[in-house]
Chemist: 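Encoded as structure tokens, here's the structure I'll be asking about.
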Amino acid sequence: MTPQDQYYAGFMSKRPSWTKALRAYRKDLGALIADFVVLIALWGLSSFIWNDLVHGTRDFISVAPWIMLVVCFELALVWESFAVSPGMRLFGRRATDDRNGRAVIGRRFLRVLLLHGLPLFILPILVTTRYIPWQDRLAGFRSVSAAEVPDPRKPWYRTSWMVALAGLAVAMYLASALFTQVDLVKLFTNASATSEIWARIVNPDWSILGLGVRLLIVTLFMAFMATLFGVLVAVPLSFLAARNLAHGIIGRTIYTVLRILMSIVRSIQPFIWAIIFVVWVRTGNAPFAGGLALFVHSVADLTKLYSERLESIDPGPVEAIRSTGANGLQVILYGIVPQIINPYLSFTIYRWDINVRMATIIGLVGGGGIGQRLLQLTRNWVWDQAIVLMLLIMVAVWAMDYSSSRLRERLN
Amino acid sequence: MEELIRIDRLTKVYERGEVLAVNDISFTVKRGEFLVLIGLSGSGKSTLLRCINRLIEPTAGQIVFDGIDVTKASARQLRQLRRRMAMIFQQFNLVKRSSVLTNVLSGRLGYVNPGASAIHKFPKEDLESAFANLERVGIPEQAYKRADELSGGQQQRVGIARALMQRPDLLMADEPVSALDPATAHSVMQYLEQMNQEDGVTVIASLHFLSLARRYGTRILALKDGEIVFEGLPAEIDAAKFKEIYGEEAEEVEVR
Ligand SMILES: Nc1ncnc2c1ncn2[C@@H]1O[C@H](COP(=O)(O)OP(=O)(O)OP(=O)(O)O)[C@@H](O)[C@H]1O
Ligand SMILES: [Mg+2]
């Protein structure tokens, strides 16, 4: 091979270094574009459903297109910085904290802000191979392949509140479709009909704040009571529902019956339980029905989580405590409890978090609390007050989510 | 010497898998003995030991401990019997997330008021003897550490301290040093020897190494497939006996 040939061979086989970096980064770009598309699609779908239900009009966009594009882009950035978005799932990417593995909320906000420099960070890719986008570097964030980070979360479509929302939306839409004719043309032509909603939403009526906070407290209390009583029932049940602690024919029978019962109860969504209890208790005291629904579902869910944890304890210490002549209660307190206390607390916090979310949704089917009032307000077209309640719910859910994940991090 | 344990035609069949783990075994243990169980893995040593305090329910046969029939004991009697039969384990079996002190104190659970123990309240003299026993096994400064922060050798000493808290007549040790290095193994074995000689505690220990068995045992019982294949003094095990117990291919390894 002549030097000339070598030169050409090298030239042909070796790509310029910046393409490598671009290849490493293209998945993140792909994820962003995918999320953008997903959000536009969601926007179209939801505003269509909304307008169809509320105005009987057909409109996909409702606002000026550029507003939609900007909002969707912003939402995509937020989604990618705060959660695992569909685009990230599609391309197998995860955002992870660069410095100490903690998901610090401030850094996530910073990353969203910095991501606005999107056009700028294409430039450095061209000059360096080991390129970490500057907004990630500044925010202390890294986008890595999904395989590199453990993902303890369930996929979004399996979390109960998403299923509940989706189910509710579909059910409401189908019901309304039966009574109204589907008119896809209006979907495009009648966007302006929603302008009144937007006009009211940007002008919140804060006079409802006091009532809203009170309703929010009722809702949180409903979630709290459901969690508290759920734990009180689920802890003893979990000992009966753990295979390794079920001895004899009676124990085995109880174990089997409990497990089957619990998985049936668990598989029925809380909002369906709420519908059942609203009809069942008929007290006119709606939060009671909602609380019962959450309680029943919590018991089933916690019993399963707790007893699975019990099944994986180390039998050695239990045997050792038994061999000292300890009685049954002492064996549990000294041999078993130290092994399960942290996971139990962690599951409890997790469930309390879910119950707070569910408590707001349950209101929509008549389970009381802030959700029920929100439904009434939107029905009566009082958007300026509805937005206040929505904001309150958002703040509560966000605060719960954040504090519970921090607490659970501590426990692990 | 007075007899402490009499085992009569003891049999254990594990229903799952139909394993005959202990097959019609009879022997006696005298007070003050240091009896060593040897035998290949799966020969039934652990099963035999756990049958004695009924951590495992025997299928047939009789176990008499200090004149009391263990196999017929009620739940309450059994707990009282277990107080006098301490046990230490190959994997130490400490409660890992509890403190060393709690682990040691749990040796008193059979004695104390159950209600008080539920709120982790132990009599003052139990606390004192917990510290004394930790002192005795040479780790008094570790009392407030979490058990899983200790090394293997230290954990087994905690196990011994827990056993000491029971002030037992009998100490059963199921491969107490198999998870330890040779030097640590000897120091742990010496605590057992000390308990045996100074406190007069009868010891039954299963050991993997014949050299350890020879060094510490006053009598040796060899098991094979759940049956006794040798019973006698350590010095009586010659090359032929060794091959009978461990199989033709085995070589003797020393632990010094
Ligand atoms: N829980 C159980 N269920 C079914 N079979 C068992 C059980 N525990 C032990 N066995 C079987 O009983 C036999 C004796 O087991 P054992 O644990 O008593 O032997 P070992 O001498 O202590 O062995 P090692 O030296 O490996 O500890 C083995 O064949 C084993 O497979
Ligand atoms: Mg064994």
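Proteins come first, then strands; the chains are lettered A, B, ... in the order of their sequence lines, and each starts at number 1. What you see is a predicted model, and the numbers here were worked out from it, not measured in a lab.
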Chemist: Donor-acceptor check, side chain of B:Q80 to backbone of B:Y111, threshold 3.5 angstrom: yes or no?
Modeler: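 Side chain of B:Q80 to backbone of B:Y111, a donor-acceptor pair under 3.5 Å: no, none is there.
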Chemist: Heavy-atom cut-off 4.5 Å, strictly under: side chain, backbone, both or neither for B:R162 against chain A?
Modeler: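 B:R162 touches chain A through side-chain heavy atoms alone.
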Chemist: Relative to chain A, which segment of B:L55 carries a heavy atom at a distance below 4.5 Å: side chain, backbone, both, or neither?
Modeler: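 For B:L55, backbone and side chain are both near chain A.
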Chemist: Measuring from atom OG1 of B:T202 to atom CG of B:L4, what distance do you get when rounded to the nearest 0.5 angstrom?
Modeler: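 Output value for this atom pair is 4.5 Å.
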Chemist: Counting only heavy atoms closer than 4.5 Å, note whether B:Q166 contacts chain A via side chain, backbone, both or neither.
Modeler: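 It is the side chain, since no backbone atom gets that close.
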Chemist: Look at the side chain of A:Q339 and the backbone N and O of A:G335, then say whether any donor-acceptor pair between them is shorter than 3.5 Å.
Modeler: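 Judged by distance alone, yes, a pair lies under 3.5 Å.
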Chemist: Can you say whether B:R50 sits under 4.5 Å from chain A via the side chain, the backbone, both, or neither, judging by heavy atoms?
Modeler: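 The side chain, not the backbone.
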Chemist: Does any backbone or side-chain atom of B:M165 lie under 4.5 Å from a heavy atom of chain A? Answer side chain, backbone, both or neither.
Modeler: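 Neither part, no heavy atoms under 4.5 Å.
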Chemist: Hey, what's the ring geometry for B:Y144 with B:F131, parallel, tilted or perpendicular (30° and 60° as the breaks)?
Modeler: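 Correct class here is tilted.
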Chemist: Salt bridge or not for A:R322 and A:E319, using N-O below 4.0 Å?
Modeler: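 The answer is no: the pair does not qualify as a salt bridge.
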